[in-house]
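Any value given below was found using the heavy atoms of this structure, including those in side chains, with hydrogens, waters and symmetry copies removed.
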Amino acid sequence: MDPTEKKEESLVVEGYRFATIADAETARLEKKKIDNLEQHLDFRNIQNVLMVYNKAIDNRVFLTPLGSAYLQRMRNQLIKCGMSEEKVRPVPLYSTFSNKTESSGFIRKSLEARGVKPEYKGRFVTSVCINVLLAAAIGVLILLSLRSDLPTIVNYRTAIVNEYSEWEQELQERERVVREAERALDKNER
């Protein structure tokens, strides 16, 4: 058997071809869970089926299309047994199927058809308010750095040179005082 055919076989589970071997393995594990549920779950007890169905959704037991299809079969069985559709939660899908954003024409038309209007005005006002607050914060930070005595990246060289100049002046003043004191001692000893 050709290695590419073997790899292709390892990606296929129950008629689904997965993109990665890890996804295919997840689907195989889900298939085992489904088989286990089929053997042990009494589908005549509708409350137990509903409880297992809700637990499977809450705990994200099924993530692949294989598991989603099984959840859909359970949901249909619950509705067929007399449970109202409002009481049976819809099957969640944990992946996206489009790379488009809300600004896309197709999605925008779809939202408008359903009566959902994106709130551009509110977004614009929020954006302007945030930008004004950020600009004010930057202005305050600049003012604080200009009025601060601590050296910043802008004036660190000047601050260090000034500090060394002050130390040099202090040292020269101390040396002058010490020399004067030595002279006074020398005069007193004579």
Side-chain angles (χ1 to χ4, degrees), residues 1-138 141 153:
M1 182 178 270
D2 187 358
T4 56
E5 288 178 20
K6 188 173 183 177
K7 183 180 180 195
E8 184 70 27
E9 271 185 26
S10 66
L11 293 175
V12 176
V13 180
E14 293 290 314
Y16 292 100
R17 184 188 180 283
F18 292 92
T20 65
I21 293 174
D23 288 344
E25 287 301 316
T26 303
R28 284 187 187 90
L29 288 173
E30 287 186 8
K31 174 67 174 137
K32 288 180 183 177
K33 291 176 189 175
I34 291 169
D35 291 342
N36 190 24
L37 279 174
E38 288 289 325
Q39 288 177 357
H40 296 95
L41 186 62
D42 180 14
F43 280 92
R44 292 174 293 191
N45 187 341
I46 194 168
Q47 292 303 322
N48 282 348
V49 175
L50 181 63
M51 183 182 71
V52 169
Y53 175 80
N54 286 332
K55 280 280 190 193
I57 290 174
D58 292 340
N59 296 334
R60 288 185 161 196
V61 173
F62 299 114
L63 302 171
T64 67
L66 192 67
S68 295
Y70 182 70
L71 285 175
Q72 187 62 42
R73 283 197 311 267
M74 284 180 76
R75 184 175 190 279
N76 291 338
Q77 183 69 26
L78 287 167
I79 293 169
K80 193 168 123 181
C81 289
M83 185 82 53
S84 69
E85 282 195 48
E86 291 80 31
K87 288 184 179 181
V88 183
R89 295 168 27 195
V91 176
L93 299 176
Y94 301 112
S95 59
T96 58
F97 299 100
S98 175
N99 292 333
K100 299 179 181 185
T101 62
E102 209 175 89
S103 62
S104 167
F106 174 75
I107 292 176
R108 188 173 55 246
K109 287 177 187 174
S110 171
L111 290 172
E112 288 172 1
R114 287 185 276 152
V116 178
K117 293 185 179 181
E119 193 179 309
Y120 295 114
K121 186 177 181 181
R123 289 181 185 171
F124 176 74
V125 170
T126 303
S127 174
V128 168
C129 290
I130 290 172
N131 286 330
V132 167
L133 287 173
L134 289 174
I138 290 171
L141 289 174
I153 193 96

- [ ] Identify, with sequence neighbours excluded, every residue that meets side chain to side chain donor-acceptor pair (under 3.5 Å) alongside S84.
- [x] none
Open item on the list: How long is the straight-line distance from CG of L66 back to CZ of F18, given to the nearest 0.5 Å?
Closed with: 6.0 Å
Task: Atom pair CD/SG of Q47 and C81 - distance to nearest 0.5 Å - done: 11.0 Å
- [ ] Verify, without hydrogens or angle tests, whether N36 (side chain) and K32 (backbone) share a donor-acceptor contact under 3.5 angstrom.
- [x] no
Open item on the list: Does any part of the side chain of F62, heavy atoms only, come nearer than 4.5 Å to the side chain of I34, both counted from C-beta?
Closed with: yes
Open item on the list: Do I130 and T126 make a side-chain contact, defined as non-hydrogen atoms from C-beta onward lying under 4.5 Å apart?
Closed with: yes
Open item on the list: Measuring only between side-chain heavy atoms, which start at C-beta, is Y53 closer than 4.5 Å to V88?
Closed with: yes
Open item on the list: Tell me the closest heavy-atom pair linking V13 and A24, and the distance in Å.
Closed with: CG2-O, 3.6 Å
- [ ] With sequence neighbours excluded, tell me which residues meet side chain to side chain donor-acceptor pair (under 3.5 Å) with E14.
- [x] none
Task: Residues which pass salt bridge (charged side-chain N to carboxylate O under 4.0 Å, His left out) with K33, listed by chain and number, not counting sequence neighbours - done: none
- [ ] Examine distances only and state if a side-chain atom of E85 and a backbone atom of I79 form a donor-acceptor pair shorter than 3.5 Å.
- [x] no
- [ ] Side-chain contact test, heavy atoms from C-beta onward, threshold under 4.5 Å: evaluate it for M74 versus V52 and give yes or no.
- [x] yes
- [ ] Would you give the length of the straight line joining atom CZ of R28 to atom CG of D23, rounded to the nearest 0.5 angstrom?
- [x] 11.0 Å
Task: Gap separating the CG atom of L11 from the CD atom of E25, nearest 0.5 angstrom - done: 10.0 Å
Open item on the list: Rounded to the nearest 0.5 Å, what separates atom CD in Q77 from atom CZ in R73?
Closed with: 10.5 Å
Task: Sidechain-backbone polar pair: T26 side chain, A22 backbone, donor-acceptor under 3.5 Å - done: yes
Open item on the list: Any heavy-atom pair between the side chains of R89 and R75 that's under 4.5 Å?
Closed with: no
- [ ] Indicate the atoms forming the closest heavy-atom contact of S68 with V91, along with that distance.
- [x] O-CG1, 3.9 Å
Task: Donor-acceptor contact below 3.5 Å, side chain N59 vs main chain V61 - done: no
Task: Approximate separation, where rounding is to 0.5 Å, of Y70 OH and D35 CG - done: 9.0 Å
Open item on the list: A side-chain contact here means heavy atoms from C-beta on lying under 4.5 Å apart; do V49 and L41 qualify?
Closed with: yes
Task: Minimal non-hydrogen separation, P92 against I57, with atom names - done: CG-CG2, 3.8 Å
